[in-house]
S.K.: 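Dropping a structure here in structure tokens format, bear with me for questions.
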Amino acid sequence: MSVEEIPHTVEPHPITGVYNGKFGIWLFLASEVMLFGALFSTLVLLRVGAPSWPQGSELLNVPLATLNTFVLIASSVTMVMSWASLKMDNFGRFKLYLGLTVLLAFVFLVIKYFEYTHKFHLGIFPSTSTFYATYFTMTGLHGLHVVGGIIVNLYLLFPGSKLWHTAPEQFANRIECAGLYWHFVDLVWIFLFPILYLL
Amino acid sequence: MQEKVYGYWLPIDISTHGATVDWLINWLHVFMVALFLGWGVFFIYCLVRYRRRANPDATYDPIKGKIAKYVEYGVIVVEAVLLIGLSMPLWADFKHAFPDESDALVVRVVPEQFAWNIHYSGTDGKFGRTAPEFVSADNLLGLDPDDPDGNDDFNAINNLHIVKDKPVIAHVSSKDVIHSFKIPVLRLTQDAIPGQDIRIWFEATKNGAFDIACAQLCGLGHYRMRGQLTVESEAAFQAWFDEQSGAADEEDEFSF
Amino acid sequence: MAEHAHGDHGHHELPFWQKYVFSTDHKVIGIQYAVTALFFLLFGFCLMMMMRWQLAYPGQPMPWIGTLFSAVNMPEGIMVPEFYNQLGAMHGTIMVFLGVVPLAVGGFGNYVLPLQIGAPDMAFPKLNMASYWVFYVGGVIMLASFFVPEGAAQSGWTSYPPLAVIAPTGQTWWLWGMVALITSSLLGSVNFIVTTVQMRAEGLSFFRLPFFVWAQFVTAFLLLLAFPPLEAAGVMQLMDRIAGTSFFMPSGLVVTGQALDVSGGGSPLLWQHLFWFLAHPEVYVLILPAMGIVGEIVANNTRRPLWGYRTLVYSIVFLGFMSFIVWAHHMFMTGMGTTISTFFQATTMIISIPSVIILTAFALSLHGGSIRFTVPMLFCLAFIPMFAIGGLTGLPLGLTASDLHLHDTYYVIGHFHYVVAPGTIFALFAGIYYWFPKATGRMMNDALGKLHFWTSLIFMNGVFMPMMFVGMAGVSRRLYDQTQYAYGAQVQGLTAMSSWSAWLLGLAQIFFIVNFFWSMRKGKKVESDNPWQATTLEWATPTPPPHGNFKDTPRVCRGPYEYSVPGASSDFIPQHASDNGQVDQPESEPAPTPADDD
Amino acid sequence: MAESAEEIRKHVRVYILVFAALAVLTVVTVGVSYLKIESVAATVLIALFIASIKGGLVAGYFMHLVSEKQIIFWVLALTVVFFAALMLLPSVTEFSGVGELEGQV
Ligand code: HEA
Ligand code: HEA
Ligand code: CUA
Ligand SMILES: [Cu+2]
């Protein structure tokens with residue numbers, strides 16, 4: 001009989017101290033840092049090179065974005081709480097918190113949707129200026145990440161949560177990884193918000 | 001006697017800065033070949049000497065000896081010397097030590113798909129204002145008709161005339177996509193980037209007609225984007241210049 | 001792949017499609033990658049053989065083959081410039097992203113790395129499968145783009161805007177394809193790093209890893225951190241093309257007499273920065289796995305340890321690190337100032353040093369060996385001087401003063417083909433000849449292999465050596481017809497010579513293709529699981545390795561290249577062997593510190 | 001990572017605190033932006049400074065970086081180096097070049 005189980009899917013590696021999934025998700029996030037890094041670098045380069053650059057707060061809807069910041073921060077908290085609930089063996093609370101996270105993520109997208117459509121009604125599109133190009137591209141890409149997070153979380157909330165009953169530790173790990181990703185999405189927004197809307 | 005302009009190695013060099021370039025290229029290749037042959041001899045020796053039949057039992061311990069290390073240090077030193085001693089000064093000279101505009105011939109090089117517009121200022125020595133909205137089939141440069149400076153400006157399409165032994169300052173830009181202004185005999189390459197105005201300078205030391213090439217893929221006509229460089233005497237140049245500039249002036253008269 | 005079926009040991013049967021199509025077994029995925037990539041290499045080469053006709057005989061109808069194409073691309077058998085540009089751009093893209101990277105990383109990395117570290121599989125088998133299929137989709141998109149109106153991408157593999165932004169639809173497909181390929185590489189790299197760090201067999205510390213594993217490990221970091229910026233850039237170029245933004249479009253463009261209707265304000269050079277931020281590390285992605293393969297095979301066939309194993313490891317780690325900060329040497333002619341150009345020239349010179357060290361170490365490894373000239377070894381031996389030529393010709397390009405003449409000439413083409421074709425491609429051939437018996441249980445034919453080697457070696461040089469002189473004469477690359485220029489007409493003979501060599505090189509590959517398929521069914525069966533008498537762990541598995549790889553989890557007791565150890569009973573001691581009663585730790589080795597990664 | 005329920009409960013208190021801090025800082029960022037500080041550099045620096053604190057809190061507490069294993073730090077450190085190169089070098093190259101950005105054709 002050959003060895004088939006992949007080691008350290010659940011148990012942390014004795015030397016690195018992390019399990020595969022966690023290491024993997026961090027590596028993935030490292031690549032995401034470079035992805036958004038390229039966009040931020042673009043913004044800096046275009047902005048410094050531009051003869052004039054509009055003040056974000058005069059063109060974009062700061063109150064809505066501030067609200068969205070709160071929404072996303074709150075969803076981060078519920079996300080981490082859902083993980084903590086699992087750790088405290090409270091599956092019901094976990095479901096509640098994760099459900100809230102997904103809900104908040106939806107709220108974020110809905111608000112974003114209003115922001116976008118409002119702009120479109122005014123005849124403002126990505127092609128309007130480089131400022132709007134960066135705005136739509138960066139928030140759009142971020143929005144896609146939110147969508148990705150929703151899909152993952154919905155999976156973990158419904159079909160994926162069966163794993164809790166067979167392999168609780170592994171399931172908690174999955175939630176932790178999903179959480180790391182979700183916090184990262186929040187973190188990107190924390191930088192996007194002032195850079196696009198306020199500066 | 002007809003001197004050979006182009007061949008299987010570097011073409012003739014008719015520029016003031018080209019000697020350094022050629023020196024670097026040639027000696028670097030000597031260095032490369034020497035290094036390669038040196039290693040090659042060792043390499044072949046090993047293959048023969050240590051083939052299985054000649055040496056059935058390999059030695060476990062690594063060979064000692066410092067030669068390899070010295071060679072490596074040697075490579076480092078040579079590279080450093082070439083970089084600091086040659087490349088950097090040449091680049092600084094080429095990019096920053098510009099001749100005075102008054103002593104030089106100033107042209108604008110504004111390529112488009114697939115031709116070289118060479119903008120001369122005309123006898124008044126001033127370039128007219130240009131803007132995209134004025135571009136048309138007979139105003140390829142987009143000269144502003146209301147700007148008097150532009151009246152005697154002319155566009156020598158695919159024809160760069162310069163004077164022997166007089167520095168040239170070229171403002172390289174582009175109308176559409178990226179091209180690259182390459183004159184092999186002048187050891188010159190400069191990307192022409194839309195939205196940028198890049199100043200370069202050079203000086204030719206020989207009369208004659210030479211090729212200007214485009215060195216950056218710019219579309220289906222990239223291969224035929226050839227211009228001609230004419231290096232001539234001050235007198236010949238002046239005659240050509242006055243004629244062109246006068247013709248441009250007249251044309252403008254008609255259109256007003 | 002069909003051959004693989006016979007070797008399976010038949011426990012817990014999976015349905016066919018799960019076992020061979022949507023498999024999560026790293027070995028099946030590795031083979032899928034390798035076979036797909038070989039197909040693409042051949043395809044990319046065919047594109048190039050067509051271009052070489054136009055280069056050798058500009059404007060003349062291509063005999064026979066010319067009639068197979070539509071009148072749009074080849075009216076009366078004469079290739080039009082648009083089609084030439086498509087072939088060029090797609091040759092570059094296919095060779096790099098669909099050929100070499102998937103073969104070197106996806107194929108060899110997937111197949112060999114888990115075996116060499118004694119792991120049952122990759123850390124994330126499903127992700128691994130996803131990575132292959134995303135790659136596959138990317139490849140299909142790229143191929144499909146030939147059939148869209150006005151054909152495939154034609155702005156070079158570098159896709160410089162504004163040209164690429166105003167190019168026909170094919171470019172959009174190219175971008176989508178790239179997004180898929182980059183995503184696939186990212187997924188793969190996460191897997192490689194986690195697997196290497198977390199799943200090494202007991203006793204296999206970092207400094208006992210085979211050199212190949214190190215090479216893959218560093219490569220994975222390059223993929224992980226260098227690819228995302230191009231993904232972002234790709235998205236921005238897509239936005240420029242689809243949504244009409246101006247990330248890369250400056251103000252005031254006038255295209256074919258019409259002012260372009262874009263907002264402007266973008267920067268064409270920005271693309272170049274983001275592209276080369278990826279693409280320079282990318283060229284090391286092409287070479288590092290090749291170096292890894294060469295390291296394995298050289299040690300095995302000299303029957304002695306690699307010279308300076310640690311030095312080699314430090315060198316590739318350093319190489320990987322530096323490769324992130326040399327990218328602007330591709331942009332010297334864009335109007336760069338002295339300070340910055342000096343910085344990038346300096347980093348470029350510095351990065352050549354580890355390559356010198358690595359090559360030196362390979363050469364020194366031969367000294368005192370007992371060299372077996374097996375087919376894989378022949379390819380590796382050729383790799384060394386060929387890579388040296390390619391590397392050395394990088395130096396004049398790395399100094400602005402000489403790049404002033406050589407930039408974007410055939411000299412550049414010659415430079416990098418020497419590293420990727422007789423360099424990387426040879427190493428990959430070597431890897432195929434070397435690991436083929438492990439994957440199939442059969443050896444490849446020796447005589448055909450040697451024929452393949454000698455013909456390939458001669459014709460490779462016949463293709464690329466003339467290019468150095470063509471470039472020196474000043475001929476630009478991507479040139480549909482060099483006879484337009486006086487200096488190009490002068491060296492047209494050399495270009496024709498390149499072409500003839502390229503076609504002969506194509507014929508030489510028939511030896512390989514025949515050998516490959518013939519040996520799969522009819523090749524000599526291997527007598528043991530370790531036909532090359534190698535030390536590393538992949539040879540400790542049954543042949544071909546079953547699902548899960550090892551019969552018993554291996555325990556590693558020594559470094560990777562214990563050949564010809566004085567006093568040992570045979571001339572090699574496998575890493576997991578514990579003869580002489582020795583069980584563990586022959587030398588004092590520090591505990592594996594995964595922290596000293598790249 | 002077998003933390004006891006008790007420890008987790010402690011964590012939870014920290015999460016709530018961090019949440020509060022983030023909310024406050026968000027208000028501060030927006031508030032500062034209404035002050036209309038003259039110097040552009042100062043505005044940018046302040047905004048980035050606050051954002052960094054917030055980011056640090058998220059990464060440190062929600063993502064548990066404060067108590068994370070070494071290997072994760074090494075990966076991130078490496079990423080930060082290349083991130084810096086990616087942020088700086090393109091702009092520095094572009095703006096120290098000899099070309100001038102021009103509106104003219
Ligand atoms: C695998 C791919 C690969 C590798 C390894 C390299 C390696 C190097 N490359 Fe190359 N390069 C490319 C692929 C590669 N390159 C590609 C694809 C392009 C073109 C892209 C495009 O524009 O389309 C390019 C273009 C390119 C340019 C831009 C040219 C231009 O457009 O003007 C430059 C400039 O600096 C450069 C430099 C170098 C240098 C200094 C190295 C160094 O790392 C080389 C170091 C190696 C050595 C110095 C060899 C030392 C060996 C010895 C001394 C041993 C001697 C002999 C024996 C043992 C027998 N390369
Ligand atoms: C990894 C990268 C790679 C590889 C391996 C090659 C391999 C080759 N390349 Fe290519 N090339 C590029 C990357 C590569 N190239 C790039 C990036 C460009 C620039 C494009 C641009 O300008 O945008 C370029 C451009 C380029 C040009 C310049 C075109 C121009 O500027 O107009 C030329 C000209 O001759 C050329 C020729 C060749 C030849 C003859 C080979 C030969 O060496 C090919 C040899 C191939 C093989 C030996 C494959 C063998 C495979 C098999 C036999 C498979 C067997 C199959 C099964 C068993 C199923 N290439
Ligand atoms: Cu213009 Cu190429
Ligand atoms: Cu490079």
Side-chain angles (χ1 to χ4, degrees), chain B residues 6 8-11 20-21 24-25 28 32 36 39 43 46 50-52 55-60 62-63 68 72 75-76 79 82-83 86-88 90-92 95 132-133 135 137 175-178 180 184 187 189-191 193-195 198 211 213 215-220 222-224 226, chain C residues 81-82 85 156 160 162-163 250 252-255 259 268 302-304 307 333-335 337-338 341-342 345 349 353 356-357 360 363-364 366-372 388 392 395-396 399-402 404-405 407-408 469 472-474 476 478-481 484-487 490-491 564-566:
Chain B
Y6 302 116
Y8 289 94
W9 194 249
L10 293 165
T20 324
V21 174
L24 175 60
I25 291 182
L28 195 49
M32 284 152 55
F36 185 76
W39 269 115
F43 184 74
C46 287
Y50 297 106
R51 66 190 193 279
R52 191 172 208 184
N55 191 35
D57 297 307
T59 34
Y60 178 77
I63 60 160
E72 279 156 14
V75 174
I76 299 179
E79 287 181 356
L82 292 178
L83 169 60
L86 269 169
S87 197
M88 238 171 74
L90 180 109
W91 202 247
K95 289 289 163 181
E133 56 268 28
V135 173
K175 279 169 76 173
D176 38 36
V177 301
I178 300 178
S180 192
R187 304 293 183 270
T189 311
Q190 174 58 57
D191 285 0
I193 297 164
I198 298 166
D211 278 343
Q216 183 63 267
L217 179 64
C218 51
L220 60 97
H222 165 59
Y223 72 97
R224 57 179 157 82
R226 186 168 77 107
Chain C
E82 296 90 318
N85 287 350
Y160 282 2
L163 182 64
L253 292 183
V254 183
V255 178
T302 53
R303 313 307 294 167
R304 62 188 297 268
W307 189 91
M333 297 305 136
T334 57
T338 313
S341 78
T342 304
Q345 289 177 77
M349 292 300 114
I353 302 302
V356 174
I357 295 176
T360 309
L364 290 178
L366 302 175
H367 193 279
S370 171
I371 301 169
R372 303 171 172 175
L392 288 170
L395 300 179
L399 293 170
T400 48
S402 34
L404 201 49
H405 179 66
H407 175 65
D408 261 345
F469 296 92
M472 202 50 94
S476 302
R478 296 165 172 169
L479 216 53
Y480 170 73
D481 175 3
Q484 295 278 325
Y485 298 93
Y487 52 86
Q490 175 77 32
V491 292
S564 302
V565 181

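Computed from a predicted structure; not experimentally measured. Here is the naming used below: chain letters follow the sequence lines, and residue numbers restart at 1 for every chain.
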S.K.: Where do B/Arg224 and C/Gln484 come nearest, in terms of heavy atoms and distance?
M.R.: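 It is CB-OE1, 3.8 Å.
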S.K.: For C/Ser564 and B/Tyr60, work out which heavy atoms get closest and say how close.
M.R.: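 What the structure gives for the nearest pair is O-CB, 3.2 Å.
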S.K.: Does B/Ala58 offer a backbone N or O that forms a donor-acceptor pair with the side chain of C/Ser370 under 3.5 Å?
M.R.: no
S.K.: Looking at side-chain heavy atoms only, is the closest gap between B/Gln216 and C/Tyr160 below 4.5 Å?
M.R.: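 In short, these two side chains touch, coming nearer than 4.5 Å.
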S.K.: Going by heavy atoms in the side chains, are B/Pro194 and C/Leu253 under 4.5 Å from each other?
M.R.: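 Answer yes - side chains close enough.
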S.K.: Could you grab the distance from atom CZ of C/Arg304 to atom OG1 of B/Thr59, nearest 0.5 Å is fine?
M.R.: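 One finds 4.5 Å between CZ of C/Arg304 and OG1 of B/Thr59.
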S.K.: Among the options B/Ile76, B/Asp57, B/Val75, pick out the one with the most heavy-atom pairs lying under 4.5 Å from chain C.
M.R.: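 Of the candidates given, the most pairs with chain C belong to B/Ile76.
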S.K.: Please state whether the side chain, the backbone, both or neither of B/Trp39 comes within less than 4.5 Å of a heavy atom of chain C.
M.R.: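 It is the side chain, since no backbone atom gets that close.
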S.K.: Do B/Glu79 and C/Ile353 come close enough that some side-chain heavy atom pair is under 4.5 Å?
M.R.: yes
S.K.: I would like to know whether C/Leu399 and B/Leu83 meet side-chain contact (heavy atoms from CB on, under 4.5 Å); could you show each step before the answer?
M.R.: CA-CA 7 Å; C/Leu399 293 170; B/Leu83 169 60; 4.0 Å; yes
S.K.: If you count heavy-atom pairs under 4.5 Å with chain C, which of B/Leu82, B/Thr189, B/Ile193, B/Thr20 comes out on top?
M.R.: B/Thr189
S.K.: Heavy-atom pairs under 4.5 Å with chain B are the metric here; pick the option from C/Val356, C/Val255, C/Val565 that has the most.
M.R.: C/Val565
S.K.: Report yes or no: do B/Tyr50 and C/His367 form a side-chain donor-acceptor pair below 3.5 Å?
M.R.: yes
S.K.: Which bit of C/Asn85 is near chain B, if near means a heavy-atom gap under 4.5 Å: side chain, backbone, both or neither?
M.R.: side chain
S.K.: Would you indicate whether the side-chain heavy atoms of C/Tyr487 and B/Pro11 approach each other to under 4.5 Å?
M.R.: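 Side chain of B/Pro11 against side chain of C/Tyr487, heavy atoms only: no contact under 4.5 Å found.
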S.K.: When rounded to the nearest 0.5 angstrom, what is the spacing between CD1 in C/Ile357 and CD in B/Glu72?
M.R.: 4.5 Å
S.K.: Can you measure from CG (C/Asp481) to OH (B/Tyr223) and round to the nearest 0.5 angstrom?
M.R.: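 These two atoms lie 7.0 Å from each other.
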S.K.: Answer whether the closest heavy-atom distance between the side chains of C/His407 and B/Asp191 falls below 4.5 Å.
M.R.: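 Sidechains of B/Asp191 and C/His407: in contact.
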S.K.: Relative to chain C, which segment of B/Ala92 carries a heavy atom at a distance below 4.5 Å: side chain, backbone, both, or neither?
M.R.: both
S.K.: Pick from C/Ala259, C/Pro396, C/Gly474, C/Gly156: which one has the most heavy-atom pairs with chain B under 4.5 Å?
M.R.: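 Maximum pair count with chain B is reached by C/Pro396.
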S.K.: Closer than 3.5 angstrom, by distance alone: can the side chain of B/Asn55 be matched with the main-chain N or O of C/Gly369 as a donor-acceptor pair?
M.R.: yes
S.K.: If you tally heavy-atom pairs under 4.5 Å against chain B, which of C/Thr360, C/Leu395, C/Val491 wins?
M.R.: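 Greatest number of close heavy-atom pairs with chain B: C/Thr360.
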S.K.: Could you tell me which non-hydrogen atom of C/Thr400 sits nearest to which non-hydrogen atom of B/Ser87, and how far apart they are?
M.R.: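 It is OG1-OG, 3.0 Å.
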S.K.: Minimum heavy-atom separation for C/Leu404 to B/Trp91, with atom names?
M.R.: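 Here C/Leu404 and B/Trp91 meet closest at CD1-CZ3, 3.9 Å.
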S.K.: Which bit of B/Leu10 comes within less than 4.5 Å of chain C, counting heavy atoms only: side chain, backbone, both or neither?
M.R.: both
S.K.: Side chain from CB out, backbone as N, CA, C, O: work out which of these in C/Ser476 comes under 4.5 Å of a heavy atom of chain B, or both, or neither.
M.R.: side chain
S.K.: What are the two closest heavy atoms between C/Pro162 and B/Ile178, and how far apart are they?
M.R.: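 In this case the closest contact between C/Pro162 and B/Ile178 is CD-CG1, 4.0 Å.
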S.K.: For chain B, which of C/Ser341, C/Ala388, C/Ala486, C/Pro268 has the most heavy-atom pairs under 4.5 Å?
M.R.: C/Ala486
S.K.: List the atom of B/Leu24, the atom of C/Ala401, and the distance in Å for their closest heavy-atom pair.
M.R.: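 Scanning both residues completely, I find the closest heavy atoms to be CD2-CB, 3.5 Å.
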S.K.: Do you know which of C/Ser402, C/Pro566, C/Ala473, C/Gly368 has the most heavy-atom pairs with chain B at a distance under 4.5 angstrom?
M.R.: C/Gly368
S.K.: Checking heavy atoms, do the side chain of B/Leu217, its backbone, both or neither come under 4.5 Å from chain C?
M.R.: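 Answer is both: backbone and side chain atoms of B/Leu217 are under 4.5 Å from chain C.
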S.K.: Below 4.5 Å, heavy-atom pairs only: which of B/Leu90, B/Val177, B/Leu86 has the largest tally toward chain C?
M.R.: B/Val177
S.K.: Under a 4.5 Å cutoff for heavy-atom pairs, which residue among B/Arg226, B/Arg51, B/Arg187 has the most contacts with chain C?
M.R.: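 Max contact count across the listed options: B/Arg226.
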S.K.: Checking the side chain of B/Trp9 only, and the main-chain atoms of C/Phe469 only, is there a donor and an acceptor separated by less than 3.5 Å?
M.R.: no
